[in-house]
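These notes concern the structure reproduced below.
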Amino acid sequence: MARHLITSAIPYINGIKHLGNLVGSQLPADLYARYLRARGHEVLFLCSTDEHGTPAELAAKKAGKPVADYCAEMHDVQAEIANGFRLSFDHFGRSSSSQNHKLTQHFAGALNAQGLIREVCETQMYSHADGRFLPDRYIEGTCPNCGFDSARGDQCDNCTKQLDPVDLINPHSTISGSTDLEMRETKHLYLRQSQMKDQIEAWIDSKADWPILTTSIAKKWLNDGDGLQDRGITRDLDWGIPVMDGDTPWPGMEGKVFYVWFDAPIEYIACAQEWVEAGKGDDWARWWRTDKGADDVRYTQFMGKDNVPFHTLSFPCTILGSGEPWKLVDYIKSFNYLNYDGGQFSTSRGRGVFMDQALEILPADYWRWWLLSHVPETSDSEFTWESFQTGVNKDLADVLGNFASRVTKFCRSKFSEAVPEGGVRGEREAQLVADLTAKIREYEGHMEAIEIRKAATALRAAWVMGNEYLQEVAPWSTFKTDPEQAAMQIRLALNMIRLYAVISAPFIPDAAAELLEAMHAEGAEWPEDVAAALEILPEGHAFTVPEVTFRKITDAEREEWAERFAGTRD
RNA sequence: GGCGCGGUAGCUCAGUUGGUUAGAGCGAUCGACUCAUAAUCGAUAGGUCGGGAGUUCAAGUCUCCCCCACGCCA
């Protein structure tokens, strides 16, 4: 038994995420957390909402609400949807929590004490009408290069030229439309990541077992161009964590806040403090402080590839640079993107399926199974309704669900709704136990290595073994000549239903729970000994024929959904 | 333009440190069975492993060049 700290990249607050976001971090993290718990490990699985920054402010403004209220509401919405997908966070926190405020300010102070913060004076576009500095992308004007009239301050979408807001002709604020802009001087804090390049690189190099995707992105940023760059960690905004040097004011930084990328990962730690505050735990430090026991913790992070630089470079700079004994990540599992039917999911164009919509259509397990068995581990993968339909119908309805159905219904009709008595297992049964044992050990190996697709394949193969066995021993035939033989075969098959429920639970927790309930099973201990696990339901043990565990997706539904989600949400 | 991940049977993908006849699932075809959600099980299907060159006794698996897709950066 070990202790595992697991975090999923924290989703941004402004709206409901689509399936691509889900499969890229939260869902695989949940799978891993559930698996480790099932194996008896102590797990702390944390996630939060990432709430600071300009997009949140603008989304709140659009909704006509104070930003704090907006974030509180959206946090609850995201929490409810996460619950709908059965994401088993031990705590779902908020980066705007008081804990994160204090901790972020603490880290800034610690980094400053280590000489890793420098102050930089720079000029930025200020909008009088909006009463604020504008991030480059919120300024538009005519491109000096191609004449495109809606070029953004950071880049022209037409000719792709990189721009500076001052280059734009007739620049205006996209927030208010105002042209009353001026370049103003402002002071900001930079984290001197360049000082830590060697230390970070040595650390990355020591992680030979990380996914190629993770290390290749990290190394690119370490060695590209002039190497690891210092990064601004403050912004001229209202909504965020006020800049402080620990718990004392930072002269000249009044009215400024930390930039989201700085405070967001720190929320991983603050979330553990929130977890304690919420009464769910009593010692966050033993998970996060190596001087308080966290050396025994294995920390695994899950994220999409766009988040890799922050987790391999920026956040480690914060942790290591503080000079304090904070727990550093042990393994980073990163994912490629999930595309939608030939293109990208698009939040702005409403293209693809969003988390709330998915749950309106079908139960969480359908999505969990398909998404996890197609998770973009080695390269981008693609969601199509055809693939989803066949994947769900074949694997869940035909192979697993129908197995439970055929066994329980046969037993009810030939014997009763109780595990039948009599008969003795023979060679074929011993072979089945051996095969299942080998397959389940393989499954465990893939789960421990977080090879999710391979784990799904192994799990499915275990399900198939039940059907193979039934087909071969044909209890419907043996029943006619030797009912005790049939009883033994069905008794074994009934136990297999229970076994399948236990090992499948990390992927499809609701269906697993339903099957366990139908089998009137008590407990769901992991089958360390498969032979023993297949004798847990004894002769005479009553069960209930389960309802259809997985109904099939019809062609009509598939067509309707394909059209409905093609684009333009609301 | 630079960099990164890929380009393997109709589709989705596996293919360890190079080594006997390149694999799985789905789809398709044929067969078996009839307990079950018209479900299941079995067999078959011959893909120049993106293209070219090279290293090697031996390359999908290493080197170089090119093409394509996606992404990141400039």
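Each chain gets a letter, A, B and so on, in the order its sequence line appears, and its residues count up from 1.
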Please measure how far the [atom1] atom in [N] lies from the corresponding atom in [M], and state the result in whole Å.
N: B/G18; M: B/A32; atom1: P; answer: 48 Å
N: B/C13; M: B/A53; atom1: C1'; answer: 29 Å
N: B/G42; M: B/G60; atom1: C1'; answer: 30 Å
N: B/G23; M: B/A43; atom1: P; answer: 14 Å
N: B/C35; M: B/A59; atom1: C1'; answer: 50 Å
N: B/U40; M: B/C68; atom1: C1'; answer: 42 Å
N: B/G31; M: B/G10; atom1: C1'; answer: 23 Å
N: B/C65; M: B/C72; atom1: P; answer: 25 Å

Take the protein atom [atom1] of [X] and the nucleotide atom [atom2] of [N], then report the distance between them rounded to whole Å.
X: A/Asn393; N: B/A38; atom1: CG; atom2: C1'; value: 13 Å
X: A/Asn336; N: B/C72; atom1: CG; atom2: C1'; value: 12 Å
X: A/Lys480; N: B/C35; atom1: NZ; atom2: C1'; value: 10 Å
X: A/Arg412; N: B/U37; atom1: CZ; atom2: P; value: 9 Å
X: A/Leu494; N: B/C35; atom1: CG; atom2: P; value: 17 Å
X: A/Leu396; N: B/G25; atom1: CG; atom2: C1'; value: 14 Å
X: A/Gln489; N: B/A36; atom1: CD; atom2: C1'; value: 16 Å
X: A/Phe415; N: B/A36; atom1: CZ; atom2: P; value: 14 Å

Does [N] have OP1 or OP2 sitting under 4.0 Å from an N or O in the side chain of [X]?
X: A/Lys454; N: B/A24; result: no
X: A/Lys552; N: B/A39; result: yes
X: A/Lys409; N: B/U37; result: yes

For [X], report the nucleic acid contact type (base, sugar-phosphate, nothing); a contact means any heavy atom under 4.0 Å.
X: A/Thr549; result: base
X: A/Asn467; result: sugar-phosphate
X: A/Val464; result: sugar-phosphate
X: A/Phe479; result: nothing
X: A/Ser405; result: base

Paired nucleotide for [N] [Watson-Crick or G-U wobble; both distances under 3.5 Å]:
N: B/U55; value: none
N: B/A43; value: B/U29
N: B/C49; value: none
N: B/U12; value: B/A24
N: B/G1; value: B/C73

Parallel, tilted or perpendicular for [X] and [Y], by the 30°/60° rule?
X: A/Trp367; Y: A/Phe388; result: parallel
X: A/Tyr331; Y: A/Trp210; result: perpendicular
X: A/Tyr340; Y: A/Phe383; result: parallel

- Item | 5' priority, RNA chain B, between A/Val407 and A/Glu377 [closest heavy atom] |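 Checking each residue's closest nucleotide, the 5'-ward one belongs to A/Glu377.
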
- Task: Hey, which sits more toward the 5' end of RNA chain B by its nearest nucleotide, A/Val399 or A/Cys411?
- Result: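 Closer to the 5' end of RNA chain B: A/Cys411.
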
Hey, is [X] close enough to [Y] for a salt bridge, meaning N to O under 4.0 Å?
X: A/Lys454; Y: A/Glu442; answer: no
X: A/Arg298; Y: A/Asp330; answer: no
X: A/Glu468; Y: A/Lys439; answer: no
X: A/Arg368; Y: A/Asp30; answer: yes

Which nucleotide wins on minimum distance to the side chain of [X], given the candidates [options]?
X: A/His374; options: B/A36, B/C26, B/U12; value: B/U12
X: A/Thr390; options: B/C26, B/U40, B/A39; value: B/C26
X: A/Arg453; options: B/U37, B/C13, B/A39; value: B/C13
X: A/Glu468; options: B/U37, B/U34, B/G42; value: B/G42

- Message: Does the structure show A/Trp476 stacking with B/C35, if we require the centres to be closer than 5.5 Å and the planes to be within less than 30 degrees of parallel?
- Response: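 It does: the ring sits over the base of B/C35.
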
- Query: Is any side-chain N or O of A/Asn402 under 3.5 Å from a base N or O of B/A36, one able to act as donor and the other as acceptor?
  - Reply: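 Indeed, a donor on one side and an acceptor on the other fall under 3.5 Å apart.
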
- Task: Answer whether the closest heavy-atom distance between the side chains of A/Val548 and A/Ser405 falls below 4.5 Å.
- Result: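 Counting from C-beta outward, A/Val548 and A/Ser405 never come under 4.5 Å.
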
